[in-house]
Student: 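This is the structure I have questions about; it appears just below.
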Number of protein chains: 2
Amino acid sequence: MEAKIIKRCTEADELFYRLHLVSKEMNRAFETMAHTSLTKLEILFHIDLFGEMSQLELIRRLKLDASAVTRHLKRMEAEAFIQRKKESKDRRFMLLSLTDKGQRELKRLIAIKESLQDDILSVLTNEQIVSVSKFIEHISEQINDRGFK
Amino acid sequence: MEAKIIKRCTEADELFYRLHLVSKEMNRAFETMAHTSLTKLEILFHIDLFGEMSQLELIRRLKLDASAVTRHLKRMEAEAFIQRKKESKDRRFMLLSLTDKGQRELKRLIAIKESLQDDILSVLTNEQIVSVSKFIEHISEQINDRGFK
DNA sequence: ACCTATCAATTGATGCATCAATTAATATAA
DNA sequence: TTATATTAATTGATGCATCAATTGATAGGT
């Protein structure tokens with residue numbers, strides 16, 4: 001019992017920093033291959049998946065800061081991957097949609113992500129992946145339920 | 001079998017982005033509590049643990065960019081948490097050591113990290129933590145073995 | 001109708017990371 | 001020994017995220 005606790009502390013001790021590292025490495029790997037960030041893929045993906053949506057909705061889905069989203073979108077609009085127009089019923093909202101170029105870019109990025117995913121996850125069993133997935137969700141909930149003010 | 005593959009893809013699909021999110025959340029949680037970054041804790045921790053060391057060694061241990069380390073250290077030196085002096089045998093190397101203030105800061109930060117860790121991980125079994133730990137290591141290896149140039 | 005609340009989006013300031021180029025010190029080869 | 005390589009650290013430019021403050025549009029109370 002005591003041993004278990006000690007072992008566990010050992011395992012856990014660097015867990016957070018390693019999580020942080022692996023997240024960086026993963027992003028960097030994707031960026032090296034795709035010449036764009038994982039976040040942009042997520043943005044394209046969500047706009048495509050859920051159709052015309054406001055920035056606010058995107059922010060909530062991606063759990064990303066509003067200003068970060070604004071900046072990404074402005075750039076992606078300038079690069080003609082997306083279109084933005086004000087909603088006529090409530091002109092505070094910006095409605096987002098993919099252009100054809102955006103669709104093609106999304107396909108390209110998904111292919112890259114999938115190949116990376118296959119390389120990395122192919123060795124693992126479904127059970128392992130599910131368990132890690134649950135772990136991540138758990139941490140996420142714990143942190144958010146703590147309600148840091 | 002087919003179902004398993006489909007399930008697995010579903011689980012894996014957002015795994016990378018969720019990993020990225022959870023890493024951000026974790027860092028933010030720590031920063032909110034400690035008013036300093038997890039990286040600074042790691043720096044203090046490694047200098048303390050391995051005694052007087054060069055920046056290069058620190059960079060390798062932390063897997064952090066050299067310039068990021070330089071900037072952290074300069075700031076931490078200015079705040080009197082660490083001391084830096086050139087190695088006399090080879091004046092290219094900067095030798096690092098903790099000051100008393102740095103020691104105290106390290107203790108403070110470790111306490112915060114441990115409380116955060118306890119809150120988040122206490123629900124999990126040792127086996128779960130070990131398995132996640134292995135998963136992270138595996139991803140890390142896979143990515144680094146790919147050798148992106 | 002008008003003042004005020006609120007809300008979505010934006011802008012500005014800042015922190016932390018990266019890469020590329022530079023500086024300073026040492027090692028190596030002619 | 002002197003010119004050249006390499007090496008550790010630094011500086012500069014940039015990307016992506018955050019928070020705080022602001023702008024522009026709408027809703028609600030009087």
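Basis for what follows: all heavy atoms, side chains included, without hydrogens, waters or symmetry-related copies. Letters go in sequence order (proteins before strands), and every chain restarts at 1.
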Student: side-chain contact (heavy atoms from CB on, under 4.5 Å) between Leu58(A) and Phe50(A): does it pass, once the steps are laid out?
Tutor: CA-CA 10 Å; Leu58(A) 190 60; Phe50(A) 300 103; over 6 Å; no

Student: Rounding to a whole Å, what distance do you find between Leu38(B):CG and dG15(C):P?
Tutor: 18 Å

Student: Would you give the length of the straight line joining atom NZ of Lys85(A) to atom CG of Leu96(A), rounded to the nearest 0.5 angstrom?
Tutor: 10.0 Å

Student: For Leu41(B) and dG15(C), give me the distance from atom CG to atom P, rounded to whole Å.
Tutor: 19 Å

Student: Could you check Glu87(B) against Arg91(B) for salt bridge (Lys or Arg N to Asp or Glu O under 4.0 Å), going step by step and ending with a plain yes or no?
Tutor: CA-CA 5 Å; Glu87(B) 178 164 352; Arg91(B) 296 176 46 74; over 6 Å; no

Student: Please check if the side chain of Thr99(B) supplies one atom and the backbone of Ala80(B) the other of a donor-acceptor pair under 3.5 Å.
Tutor: yes

Student: Provide a list of protein-nucleic acid N or O atom pairs under 3.5 angstrom, restricted to nucleotides 22-28 of chain D.
Tutor:
unit_1, atom_1, unit_2, atom_2, d
dT26(D), OP1, Arg91(A), N, 3.0

Student: Taking atom P of dC16(C) as reference, at what distance in whole Å does atom CE of Met76(B) sit?
Tutor: 11 Å

Student: List, with names and distances, any nitrogen or oxygen atoms from the protein found under 3.5 Å away from nitrogen or oxygen atoms belonging to nucleotides 17-19 of chain C.
Tutor:
unit_1, atom_1, unit_2, atom_2, d
dA17(C), OP1, Thr39(B), OG1, 2.6
dA17(C), OP2, His72(B), NE2, 2.4
dT18(C), OP1, Lys24(A), NZ, 3.4
dT18(C), OP2, Asp65(B), N, 2.8
dT18(C), O4, Arg71(B), NH1, 2.9
dC19(C), OP1, Arg28(A), NH1, 2.8
dC19(C), N4, Ser67(B), OG, 2.7

Student: Answer with base, sugar-phosphate or nothing: what part of the nucleic acid does Arg60(B) contact at a heavy-atom distance below 4.0 Å?
Tutor: nothing

Student: Choose from dT10(D), dA9(C), dA8(D) the nucleotide whose nearest atom is closest to any side-chain atom of Leu56(B).
Tutor: dA8(D)

Student: In whole angstrom, give the distance that lies between atom CZ of Arg75(B) and atom C1' of dC16(C).
Tutor: 11 Å

Student: Looking at every non-hydrogen atom in both residues, tell me the closest pair between Arg108(B) and Ala34(B) and how far apart they are.
Tutor: NH2-O, 3.0 Å

Student: Can you run through DNA chain C from 5' to 3' and write each base as (, ), [, ], | or . depending on how it pairs? Watson-Crick or G-U wobble, both distances under 3.5 Å.
Tutor: ||||.||||||||||||||||||||.||||

Student: Tell me if the aromatic rings of His138(A) and Phe135(A) count as close, with their centers under 6.0 Å from one another.
Tutor: no

Student: Rounded to whole angstrom units, what separation is found between the NE2 atom of His35(A) and the P atom of dG15(D)?
Tutor: 15 Å

Student: Verify side-chain contact (heavy atoms from CB on, under 4.5 Å) between Leu64(A) and Lys24(B), making sure each step is shown before the conclusion.
Tutor: CA-CA 10 Å; Leu64(A) 195 59; Lys24(B) 275 199 310 182; 3.3 Å; yes

Student: For the pair Tyr17(B) (side chain) and Leu41(A) (backbone), establish whether a donor and an acceptor sit closer than 3.5 Å, ignoring hydrogens and angles.
Tutor: no

Student: DNA chain D: Thr70(B) or Thr36(A), which has the more 5' nearest nucleotide?
Tutor: Thr70(B)

Student: Can you tell me if Thr70(A) uses its side chain to pair, donor with acceptor, with the backbone of Ala66(A) under 3.5 Å?
Tutor: yes

Student: Enter syn or anti for the glycosidic conformation of dA8(C), syn applying to angles within 90° of 0.
Tutor: anti

Student: Whole angstrom is fine here: how far is it from CG in Asn27(B) over to C1' in dG15(C)?
Tutor: 12 Å

Student: Can you tell me how far C1' of dC7(C) sits from CD of Gln55(A), to the nearest Å?
Tutor: 14 Å

Student: Going by distance alone, is a donor N or O of one side chain under 3.5 Å from an acceptor N or O of the other, for Ser140(B) and Arg18(A)?
Tutor: no

Student: Does the pair Lys63(A) and Glu25(B) meet the rule for a side-chain contact (heavy atoms from CB on, under 4.5 Å), with working shown?
Tutor: CA-CA 10 Å; Lys63(A) 294 187 193 170; Glu25(B) 286 165 359; 4.0 Å; yes

Student: Glycosidic conformation of dA5(D), syn or anti, with 90° from 0 as the boundary?
Tutor: syn

Student: Any chance the side chains of Glu31(B) and Thr36(B) put a donor and an acceptor closer than 3.5 Å?
Tutor: no

Student: Nearest-Å distance, CD1 (Ile82(A)) to P (dA9(C))?
Tutor: 12 Å

